Asks: 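Structure provided below as structure tokens; questions to follow.
Not measured: the values here are computed from a predicted model.
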Amino acid sequence: EVQLQASGGGLVQAGGSLRLSCAASGFAFDNKVIGWFRQAPGKEREGVSAINNRMSTTYYADSVKGRFTISSDNAKKVVYLQMNSLRPEDTAVYYCAESGRLEVYYREYVLLEHSYENWGQGTKVTVSS
């Protein structure tokens, strides 16, 4: 059974940092793409970052580039999202997801929700101004 467990959310002041973790089990972690998505109140879920564990390549949405860093510990089967210089607009529920679908290995599709197969529960991040 595929399981993805996101954790690490919380309340932080603007300019602060948080590190989210996504613990994975039940699938071939080393060959999959793990993505982080977020959904703010009243908005659609959007792709934030992703890592291709097979090729060790990373992807970021323009809104977080230079502030967020995604990394993967293949031995522990955990993907991290280090979030620095947080802004109130980063407030959202953050989800991790995994996929081995063909399209997820292409840059054009790696941050699109429909490219992903399995999702974890969310972890809430609140950034106060």
Side-chain angles (χ1 to χ4, degrees):
E1 180 188 4
V2 173
Q3 291 191 339
L4 296 158
Q5 181 78 31
S7 62
L11 174 63
V12 64
Q13 287 189 330
S17 298
L18 281 174
R19 189 178 77 159
L20 305 184
S21 299
C22 176
S25 62
F27 61 95
F29 185 84
D30 293 359
N31 289 330
K32 296 297 183 77
V33 174
I34 309 296
W36 281 100
F37 291 75
R38 66 186 181 186
Q39 187 166 23
K43 294 188 176 181
E44 293 187 353
R45 190 152 54 182
E46 63 173 351
V48 174
S49 182
I51 185 165
N52 179 331
N53 279 337
R54 184 189 299 176
M55 303 299 292
S56 297
T57 49
T58 58
Y59 306 88
Y60 298 94
D62 287 344
S63 59
V64 306
K65 207 170 287 183
R67 300 188 297 122
F68 290 11
T69 303
I70 192 170
S71 61
S72 183
D73 185 330
N74 285 10
K76 294 183 178 179
K77 295 188 178 182
V78 178
V79 170
Y80 302 99
L81 186 68
Q82 178 66 44
M83 306 187 296
N84 298 330
S85 302
L86 282 162
R87 305 167 179 168
E89 54 264 38
D90 294 318
T91 295
V93 177
Y94 284 70
Y95 300 87
C96 60
E98 69 87 17
S99 181
R101 289 179 175 164
L102 180 62
E103 64 263 35
V104 83
Y105 295 99
Y106 291 86
R107 178 177 296 272
E108 296 88 339
Y109 302 106
V110 71
L111 293 181
L112 297 181
E113 186 176 355
H114 65 69
S115 298
Y116 288 79
E117 299 173 276
N118 296 294
W119 294 79
Q121 93 299 346
T123 185
K124 188 174 182 180
V125 172
T126 303
V127 184
S128 63
S129 56

Asks: Over 60° means perpendicular and under 30° means parallel, so classify the ring planes of Y106 and Y109, tilted if in between.
Replies: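 Rings of Y109 and Y106: perpendicular, over 60°.
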
Asks: Nearest 0.5 angstrom please: S115 OG to R101 CZ, how far?
Replies: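 Rounded to the nearest 0.5 Å, the OG-CZ separation comes to 7.5 Å.
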
Asks: Would you please test Y80 and T69 for side chain to side chain contact (heavy atoms under 4.5 Å, CB included) and show each step?
Replies: CA-CA 8 Å; Y80 302 99; T69 303; over 6 Å; no

Asks: So if I apply the side chain to side chain donor-acceptor pair (under 3.5 Å) rule between S72 and each of N52, N53, T58, D30, which one comes out positive?
Replies: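 Of N52, N53, T58, D30, side chain to side chain donor-acceptor pair (under 3.5 Å) with S72 is met by N53 alone.
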
Asks: Would you give the length of the straight line joining atom OG of S99 to atom NZ of K32, rounded to the nearest 0.5 angstrom?
Replies: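 It comes to 7.0 Å.
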
Asks: Could you tell me the separation between the OG1 atom of T123 and the CG atom of L18, rounded to the nearest 0.5 Å?
Replies: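 If we round to the nearest 0.5 Å, T123:OG1 and L18:CG are 8.5 Å apart.
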
Asks: Going through the checks in order, is the side chain to side chain contact (heavy atoms under 4.5 Å, CB included) test met by F68 and L20?
Replies: CA-CA 11 Å; F68 290 11; L20 305 184; over 6 Å; no

Asks: Given side chain to side chain contact (heavy atoms under 4.5 Å, CB included), test C96 with V79 step by step and report yes or no.
Replies: CA-CA 9 Å; C96 60; V79 170; over 6 Å; no

Asks: Does E108 CD have over 12 foreign heavy atoms under 6.0 Å away?
Replies: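 Yes, because the 6.0 Å sphere around CD of E108 holds more than 12 heavy atoms from other groups.
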
Asks: If you round to the nearest 0.5 Å, how far is OG of S129 from CD of Q13?
Replies: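 Reported value, rounded in 0.5 Å steps: 9.5 Å.
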
Asks: Less than 4.5 Å apart, side chain to side chain, heavy atoms only: is that true for L111 and Y60?
Replies: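 No - every pair of side-chain heavy atoms lies 4.5 Å or more apart.
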
Asks: Pairs under 3.5 angstrom only: tabulate donor-acceptor contacts from the side chains of residues 34-48 to other protein residues two or more places apart or in another chain.
Replies:
| unit_1 | atom_1 | unit_2 | atom_2 | d |
| --- | --- | --- | --- | --- |
| R38 | NE | E46 | OE2 | 2.7 |
| R38 | NH1 | D90 | OD1 | 2.9 |
| R38 | NH1 | Y94 | OH | 2.9 |
| R38 | NH2 | E46 | OE2 | 3.2 |
| Q39 | NE2 | K43 | O | 3.1 |
| R45 | NE | E113 | OE2 | 3.2 |
| R45 | NH2 | E113 | OE2 | 2.8 |

Asks: Same cluster or not: L4 versus I70, using hydrophobic residues (I, L, V, M, F, W, Y) connected whenever any side-chain heavy atoms lie under 4.5 Å apart?
Replies: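 Hydrophobic grouping puts L4 with I70.
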
Asks: About how many Å separate OG of S25 and CD of E98, when rounded to the nearest 0.5 Å?
Replies: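 The CD atom of E98 sits 10.5 Å away from the OG atom of S25.
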
Asks: In chain order, what residues pass the side chain to side chain donor-acceptor pair (under 3.5 Å) check against Y59, with sequence neighbours excluded?
Replies: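 Here the qualifying residues are T57.
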
